[in-house]
Peer 1: 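Quick one: this structure, given as structure tokens, is what I'll be asking you about.
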Number of protein chains: 2
Amino acid sequence: MTPESPPMTVGVRERRKSLGLTQAQLAEAIGVSRQTIISIERSDYAPSVYLALRLAVRLNSTVEQLFPLEGESR
Amino acid sequence: MTPESPPMTVGVRERRKSLGLTQAQLAEAIGVSRQTIISIERSDYAPSVYLALRLAVRLNSTVEQLFPLEGESR
DNA sequence: GGTGAATGTCAACTCCACTTGACACTGCAT
DNA sequence: ATGCAGTGTCAAGTGGAGTTGACATTCACC
């Protein structure tokens, strides 16, 4: 990997699991329902920017990494 | 400013103006209505994460900079 | 096999996110 | 003064974002 490569895209689910969190724990940590986490992980709907930011903070990531624009759904 | 200072928060309106764009131009560039840009700039409502990402791309910024979490409304 | 934890699915509900359209207001140049 | 570009405001409409609650399914472990 070159020093200038773009940041790797990592989904919410993958990132959550890599931190050993359950959906319920993540939901509670950022103040939403578990169903919301499921829906976001499944791309059922796009979260608000502030919810995305809270996810990024808790998952030690960035919005750009968690919610890729190009080539992805939505 | 120290080399390790956090990125400065810049609002959507300020960033747009610094690039010399009108609301209408920005709206067209990212594929939304001008009214949407107004509402976002005035924090009438929180945009979806993908809209925020498109804004960040067009404004050569990041979501974290344009939509600060701490101390802000929402 | 059973059990418990974790995840998935469904549905009804409320309110927000964004649209369109049109008029009002502001700032600047002439 | 007028005209134009840019911005603000209002309103009605649609569909999505997120909630709760409950049951189904999957997975890991004993």
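To find a chain, count down the sequence lines: A is the first, B the second, and so on, and within it residues start at 1.
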Peer 1: Starting at CZ of Arg54(A) and ending at P of dG18(D), how long is that distance when rounded to a whole Å?
Peer 2: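 Computing the Arg54(A):CZ to dG18(D):P distance gives 9 Å.
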Peer 1: Let me know the distance between CG of Asp44(B) and P of dC15(C), rounded to the nearest Å.
Peer 2: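 In whole Å, dC15(C) P lies 18 Å from Asp44(B) CG.
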Peer 1: Nearest to the side chain of Tyr45(B) - dG8(C), dG6(D), dC18(C)?
Peer 2: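 The closest nucleotide is dC18(C).
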Peer 1: What is the nucleic acid contact for Ser33(B), judged by heavy atoms within less than 4.0 Å: base, sugar-phosphate only, or nothing?
Peer 2: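 Here Ser33(B) touches the bases of the nucleic acid.
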Peer 1: Report the distance from atom CZ of Arg42(A) to atom C1' of dC10(C), rounded to the nearest whole Å.
Peer 2: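 From Arg42(A) CZ to dC10(C) C1': 12 Å.
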Peer 1: Tell me which nucleotide among dT7(C), dC18(C), dG8(D) gets nearest to the side chain of Ser48(B).
Peer 2: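 Nearest to the side-chain atoms of Ser48(B), counting from C-beta on, is dC18(C).
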Peer 1: Do you know which two heavy atoms are closest between Val12(A) and Glu41(A), and how far apart they sit?
Peer 2: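 So the minimum-distance heavy-atom pair works out to CG1-CG, 4.0 Å.
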Peer 1: For the side chain of Glu64(B) and the backbone of Val63(A), is there at least one donor-acceptor N/O pair under 3.5 Å apart?
Peer 2: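 Answer holds: yes.
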Peer 1: Starting the side chain at C-beta, find the nucleotide from dT7(C), dC18(C), dG8(D) nearest to Arg16(A).
Peer 2: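 The nucleotide sitting nearest to the side chain is dT7(C).
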Peer 1: Under the criterion side chain to side chain contact (heavy atoms under 4.5 Å, CB included), which of Leu26(A), Leu59(A), Val49(A), Val32(A) is the partner of Arg54(A)?
Peer 2: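 Answer after filtering Leu26(A), Leu59(A), Val49(A), Val32(A): Val32(A).
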Peer 1: Could you give the OH-to-C1' distance, from Tyr50(B) to dG15(D), as a whole number of Å?
Peer 2: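 Rounded to the whole Å, the gap is 18 Å.
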Peer 1: Output yes when at least one side-chain N/O atom of Gln25(A) is less than 4.0 Å from OP1 or OP2 of dA6(C), else no.
Peer 2: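 Checking Gln25(A) against dA6(C): no side-chain N or O falls below 4.0 Å of OP1 or OP2.
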Peer 1: Just how far, in rounded Å, is C1' of dG16(D) from CG of Leu51(A)?
Peer 2: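 In whole Å, dG16(D) C1' lies 14 Å from Leu51(A) CG.
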Peer 1: Closest approach to the side chain of Arg34(A), judged atom by atom: which nucleotide of dT9(C), dA17(D), dT20(D) is it?
Peer 2: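 Selected nucleotide (nearest to the side chain): dT9(C).
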Peer 1: Is atom CZ of Arg13(A) surrounded by more than 12 heavy atoms (other residues, nucleotides or ligands) closer than 6.0 Å?
Peer 2: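 Counting other residues, nucleotides and ligands, CZ of Arg13(A) exceeds 12 neighbours.
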Peer 1: I'd like to know whether CD of Glu28(A) has more than 12 heavy-atom contacts from other residues, nucleotides or ligands below 6.0 angstrom.
Peer 2: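 For Glu28(A), atom CD is not crowded (no more than 12 foreign heavy atoms under 6.0 Å).
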Peer 1: Measure CG/Leu21(B) against C1'/dA5(D) and give the value in whole Å, please.
Peer 2: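 Going from CG in Leu21(B) over to C1' in dA5(D) covers 15 Å.
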Peer 1: Give the rounded distance in Å between these two atoms: CD of Gln35(B) and C1' of dA11(D).
Peer 2: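 Checked: the CD to C1' distance equals 10 Å.
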Peer 1: Would you mind reading off the distance between Leu55(B) atom CG and dA17(C) atom C1', rounded to a whole angstrom?
Peer 2: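 These atoms are roughly 14 Å apart.
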Peer 1: For Val32(A) and Ile38(B), find the nucleotide of DNA chain D closest to each by heavy atoms; which residue's nucleotide sits nearer the 5' end?
Peer 2: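 Its nucleotide being nearer the 5' end, the pick is Ile38(B).
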